[in-house]
Amino acid sequence: MSELLLLLLFSSMASSSASSDDDFVYAGCSQPKYDAASPYQSNLDALFASLANSAAFSSYANFTSAAARGTPAAYGLFQCRGDVAVSECAACVHSCLSQLSALCPSAAGASVQLRGCYLRYGNDSFLGKPDTSVLYKKCVSPSAGGGHGDDESVMQLSMRDAALAALQTSRGGSYRVGAAGEVKAVAQCVGDQSANQCDECTAAAVARLREVCGLAGAGDAYLGKCYVSYSSDGVDASHDDHGEFICDEAGKTAAIIIGLIAGIALILLFLSFVRKAGNQGSK
Ligand SMILES: *[C@@H]1O[C@H](CO)[C@@H](O)[C@H](O)[C@H]1NC(C)=O
Ligand SMILES: *[C@@H]1O[C@H](CO)[C@@H](O)[C@H](O)[C@H]1NC(C)=O
């Protein structure tokens with residue numbers, strides 16, 4: 001992930017109403033680009049087709065596409081959140097794939113995280129490898145007036161810690177939920193991780209949330225191979241109006257936070273739509 005240049009977009013742009021599995025969380029694009037005429041492109045085409053197909057019946061899949069000789073293989077995977085129905089998983093993965101060309105044009109590798117699913121591809125073999133680098137994190141405090149008094153803050157904090165701790169004791173699964181009082185927590189590992197790797201990644205994400213979110217009523221920590229998210233009654237990190245976006249300090253990741261870039265993303269999506277429509281028209 002070290003070569004990924006993070007492109008962070010505000011998910012709040014689309015989430016004034018109920019949050020949806022298609023809501024955008026973040027995308028990262030590698031700086032190296034490939035030549036559109038290269039054989040790597042045909043590896044990628046095959047890879048994307050495999051990913052799209054298997055999303056119809058699975059919540060996780062990985063593929064390595066190496067049909068074209070003399071060029072790096074294309075590796076890829078997707079992971080839907082454990083509680084997302086199969087049909088919604090397929091729609092979510094298709095949504096990732098359709099946004100890739102606009103978000104990360106010709107990038108040798110990229111990842112897209114939507115609320116309900118994650119997709120990553122690249123020409124380096126990242127399959128099965130652990131990755132606990134923090135890609136994106138966010139804390140959301142209760143809105144003014146809904147703040148907690150001191151006693152309530154202590155209560156809130158202990159419920160939060162209990163909900164997060166529950167994620168670390170439910171061994172085995174790649175999807176975990178925890179709850180304590182009004183706090184709910186969710187952890188999702190990418191399916192290529194072993195149980196131990198998933199435990200370690202989850203623990204790292206929990207530690208990060210504890211470290212950075214203080215008394216915040218909701219928070220998200222997205223790491224390379226897992227994420228942990230928690231919310232309290234009335235405070236949900238996916239419904240964010242005054243969320244704090246924290247640029248990760250990890251020096252190896254050149255993180256660019258582009259505030260309020262929603263307009264640009266929409267223009268790019270629009271352009272790719274126009275291009276696609278144009279291509280269809282010319283057939
Ligand atoms: C991935 O592709 C980029 C751009 O073509 C290239 O610079 C890089 O060396 C490739 N990495 C591997 C592991 O093949
Ligand atoms: C990749 O998928 C194959 C089956 O398609 C599976 O056997 C293998 O364990 C998977 N690898 C990882 C790292 O998830």
Side-chain angles (χ1 to χ4, degrees), residues 1-7 27-82 84 86 89-90 92-94 96-97 100-113 116-133 135 171-176 187-202 204-205 222-227 252-256:
M1 216 52 173
S2 56
E3 52 179 19
L4 281 194
L5 185 87
L6 285 191
L7 171 69
C29 317
S30 71
Q31 274 170 314
K33 303 213 171 212
Y34 65 88
D35 180 354
S38 76
Y40 184 60
Q41 173 76 67
S42 52
N43 281 345
L44 274 188
D45 290 343
L47 174 71
F48 293 159
S50 301
L51 291 170
N53 288 340
S54 57
F57 50 84
S58 168
S59 64
Y60 161 75
N62 77 81
F63 291 96
T64 301
S65 170
R69 284 163 192 265
T71 190
Y75 304 88
L77 57 76
F78 69 82
Q79 174 69 61
C80 287
R81 205 181 58 231
V84 170
V86 174
C89 176
C92 191
V93 169
H94 289 167
C96 285
L97 287 169
L100 271 178
S101 60
L103 291 167
C104 300
S106 305
S111 52
V112 182
Q113 175 79 57
C117 66
Y118 170 77
L119 185 141
R120 178 174 171 188
Y121 75 88
N123 62 357
D124 56 323
S125 174
F126 58 85
L127 299 174
K129 294 186 180 148
D131 182 356
T132 57
S133 52
L135 301 178
R171 301 242 148 215
S174 65
Y175 173 68
R176 305 162 183 202
Q188 176 72 61
C189 293
V190 178
D192 68 337
Q193 299 292 283
S194 69
N196 275 346
Q197 287 170 328
C198 182
D199 283 348
E200 275 165 29
C201 192
T202 304
Y222 288 87
L223 277 50
K225 287 292 173 84
C226 72
Y227 70 82
K252 59 183 183 156
T253 305
I256 300 177

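This is a predicted model, so every value here is computed, not measured. For ligands, and for the atoms within them, numbers begin at 1 and follow the listed sequence. The basis for the numbers below is simple: all heavy atoms, side chains too, and nothing from hydrogens, waters or symmetry mates.
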With heavy atoms of [X] as the reference, note each atom of ligand 1 found under 4.0 Å away.
{"X": "Lys33", "result": "4 (C), 5 (O)"}
{"X": "Pro72", "result": "14 (O)"}
{"X": "Ala108", "result": "2 (O)"}
{"X": "Pro32", "result": "3 (C), 4 (C)"}

Worksheet item: Taking all atoms of both residues into account, what is the closest heavy-atom pair of Ala90 and Ala55, and its distance?
Response: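 So the minimum-distance heavy-atom pair works out to CB-O, 3.4 Å.
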Worksheet item: Can you name the nearest heavy-atom pair linking Leu51 to Val93, along with the distance?
Response: O-CG1, 4.3 Å
Are [X] and [Y] close enough that their SG atoms are less than 2.5 Å apart?
{"X": "Cys226", "Y": "Cys198", "answer": "no"}
{"X": "Cys117", "Y": "Cys92", "answer": "yes"}
{"X": "Cys89", "Y": "Cys80", "answer": "yes"}

Worksheet item: Out of Leu44, Asn123, Thr71, which residue meets the side-chain contact (heavy atoms from CB on, under 4.5 Å) rule with Tyr34?
Response: Leu44
Discussion item. Using side-chain heavy atoms (C-beta onward) and a distance below 4.5 Å, is Tyr75 in contact with Asn62?
Written reply: no
Practice prompt. Compare all side-chain heavy atoms of Val190 with those of Asp131 and state whether any distance is below 4.5 angstrom.
Written response: no
Worksheet item: Are any of the N or O atoms of Asn123 closer than 3.5 Å to those of ligand 1?
Response: yes
What are the polar N/O contacts of ligand 2 with the protein below 3.5 Å, with distances?
unit_1: ligand 2; atom_1: 2 (O); unit_2: Asn62; atom_2: OD1; d: 3.3
unit_1: ligand 2; atom_1: 2 (O); unit_2: Asn62; atom_2: ND2; d: 2.4
unit_1: ligand 2; atom_1: 11 (N); unit_2: Asn62; atom_2: ND2; d: 3.0
unit_1: ligand 2; atom_1: 14 (O); unit_2: Tyr60; atom_2: OH; d: 2.6
unit_1: ligand 2; atom_1: 14 (O); unit_2: Asn62; atom_2: ND2; d: 3.2

